[in-house]
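Note that the structure is a prediction, hence the values are computed from the model and not measured.
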Amino acid sequence: MNRRALSLLALALSFACAASALASNKVNPQPASGPQASSAAEPAASPASSGAGEVHAQGGQAAQPQGTQPGQPVQNPTASAPPAERPLTPMQAEIKQVLEDEKTAVAELETRFTQTTDQAAALEIQKKIQETKLGTELKVLGIQAGFARAEGRTAVAEQLEAAIREMTTPKAPGQPVERPVPQAAPKSGNQ
C-alpha cells in the first residue's frame with residue numbers, strides 16, 4: 001500500500017476505535033473543564049452558599065469545608081456521580097448499530113467455531129469472521145463518508161471513499177509494491 005492509503009486506513013481505524021468506544025460507553029462525554037477539573041488546592045467558595053458544604057479560609061490556613069474535621073479527606077459528592085449520557089448523533093447511532101450487528105454475528109460464528117471438529121469447516125468459519133469484520137469496517141467508512149458528504153465536507157468524504165476503494169480493489173498480480181529505499185549504513189571507523 002502507498003503512504004496515502006496507509007494514512008487513510010489509519011484514519012479509518014481511529015474512527016472505528018472511537019465508534020467502538022462509544023458503543024461500549026467507555027467515552028466520558030463531559031468536558032475537562034468544570035467543577036471536577038478544578039484543583040483541590042483551590043476550593044471555590046461562593047458568598048451565596050451556606051450549609052455544611054461551605055468553604056472558609058481562616059488565618060492563612062488551608063480551607064476546610066464546615067462540618068468536617070481537619071485532617072479528614074474531603075469528599076466531592078459530584079466525583080462519584082456517573083457522567084451524564086449525551087444522546088448519540090445520527091452518525092454515531094448508525095455506527096453503533098453496525099458494530100452491534102457485527103458483535104452478534106461474530107459471536108454466533110465463534111460459537112460455531114468452538115463446536116466444530118472439522119478443520120475445513122473451522123477454516124471457513126474463520127474466513128467468515130474475517131469477512132464480517134472487514135464488511136463492518138467498510139460499512140463504518142461508508143457511513144462516515146456519507147455523513148461527511150451530506151455535511152459538505154467533500155475532501156473528507158473523498159478520502160474515506162478512496163480508503164474504501166483501496167480496501168476493496170484487489171491488486172493485480174505482479175504489480176509493484178511501494179517500499180522504502182534502504183539507507184546506506186554510516187561508515188564507522190577512523191578516517
Side-chain angles (χ1 to χ4, degrees), residues 1-33 37 83 86 88-191:
M1 279 193 225
N2 61 26
R3 288 181 188 216
R4 182 172 181 221
L6 287 175
S7 65
L8 290 175
L9 184 59
L11 174 69
L13 289 175
S14 67
F15 281 127
C17 291
S20 177
L22 281 173
S24 63
N25 292 328
K26 291 183 181 177
V27 174
N28 184 357
Q30 292 184 342
S33 63
R86 288 187 312 195
L88 297 177
T89 65
M91 181 178 77
Q92 291 170 335
E94 280 190 47
I95 291 172
K96 183 177 181 180
Q97 184 60 48
V98 168
L99 293 174
E100 288 172 357
D101 292 346
E102 175 201 50
K103 186 176 181 180
T104 303
V106 169
E108 290 173 6
L109 289 168
E110 287 175 344
T111 300
R112 284 180 41 205
F113 179 78
T114 58
Q115 295 172 349
T116 189
T117 56
D118 182 25
Q119 288 184 352
L123 181 61
E124 286 302 314
I125 293 170
Q126 287 178 336
K127 287 180 182 178
K128 286 182 183 178
I129 291 173
Q130 182 180 4
E131 290 170 5
T132 301
K133 291 184 176 195
L134 178 63
T136 298
E137 188 172 346
L138 292 171
K139 286 178 188 175
V140 168
L141 288 172
I143 290 168
Q144 293 169 339
F147 276 92
R149 193 165 297 285
E151 294 168 359
R153 297 180 295 134
T154 56
V156 173
E158 289 171 0
Q159 287 179 335
L160 291 166
E161 290 163 352
I164 292 170
R165 281 191 304 277
E166 180 75 25
M167 293 171 68
T168 57
T169 306
K171 298 242 183 242
Q175 185 175 359
V177 177
E178 268 187 48
R179 291 194 176 94
V181 177
Q183 300 292 324
K187 294 182 180 180
S188 61
N190 296 333
Q191 294 182 351

Query raised in the report: Is any side-chain heavy atom of Gln144 closer than 4.5 Å to a side-chain heavy atom of Leu141?
Result: yes

Can you name the nearest heavy-atom pair linking [X] to [Y], along with the distance?
X: Ala145; Y: Ala157; answer: O-CB, 3.6 Å
X: Glu158; Y: Arg165; answer: O-NH2, 4.5 Å
X: Thr132; Y: Ala105; answer: CG2-CB, 4.1 Å

Requested in this report: Would you please name every residue forming a salt bridge (Lys or Arg N to Asp or Glu O under 4.0 Å) with Arg153, sequence neighbours left out?
Outcome: Glu151

Report summary line: Thr168 meets the side-chain contact (heavy atoms from CB on, under 4.5 Å) criterion, sequence neighbours left out, with Leu138, Ile164

Would you compute the distance between atom [atom1] of [X] and atom [atom2] of [Y] and round it to the nearest 0.5 angstrom?
X: Glu100; Y: Thr136; atom1: CD; atom2: OG1; value: 12.0 Å
X: Gln130; Y: Ile125; atom1: CD; atom2: CD1; value: 14.0 Å
X: Thr104; Y: Glu102; atom1: OG1; atom2: CD; value: 9.5 Å
X: Lys128; Y: Leu123; atom1: NZ; atom2: CG; value: 11.5 Å

Query raised in the report: Can you name the residues that form a side-chain hydrogen bond (donor to acceptor under 3.5 Å, both in side chains) with Glu161, not counting sequence neighbours?
Result: Arg149

Requested in this report: With sequence neighbours excluded, tell me which residues meet side-chain hydrogen bond (donor to acceptor under 3.5 Å, both in side chains) with Gln97.
Outcome: Asp101

Contacts under 3.5 angstrom, residues 106-118 side chains, donor-acceptor by atom type, not counting sequence neighbours:
{"unit_1": "Thr111", "atom_1": "OG1", "unit_2": "Ala107", "atom_2": "O", "d": "2.9"}
{"unit_1": "Thr114", "atom_1": "OG1", "unit_2": "Glu110", "atom_2": "O", "d": "3.4"}
{"unit_1": "Thr114", "atom_1": "OG1", "unit_2": "Thr111", "atom_2": "O", "d": "2.8"}
{"unit_1": "Thr116", "atom_1": "OG1", "unit_2": "Asp118", "atom_2": "N", "d": "3.4"}
{"unit_1": "Asp118", "atom_1": "OD2", "unit_2": "Ala121", "atom_2": "N", "d": "3.4"}

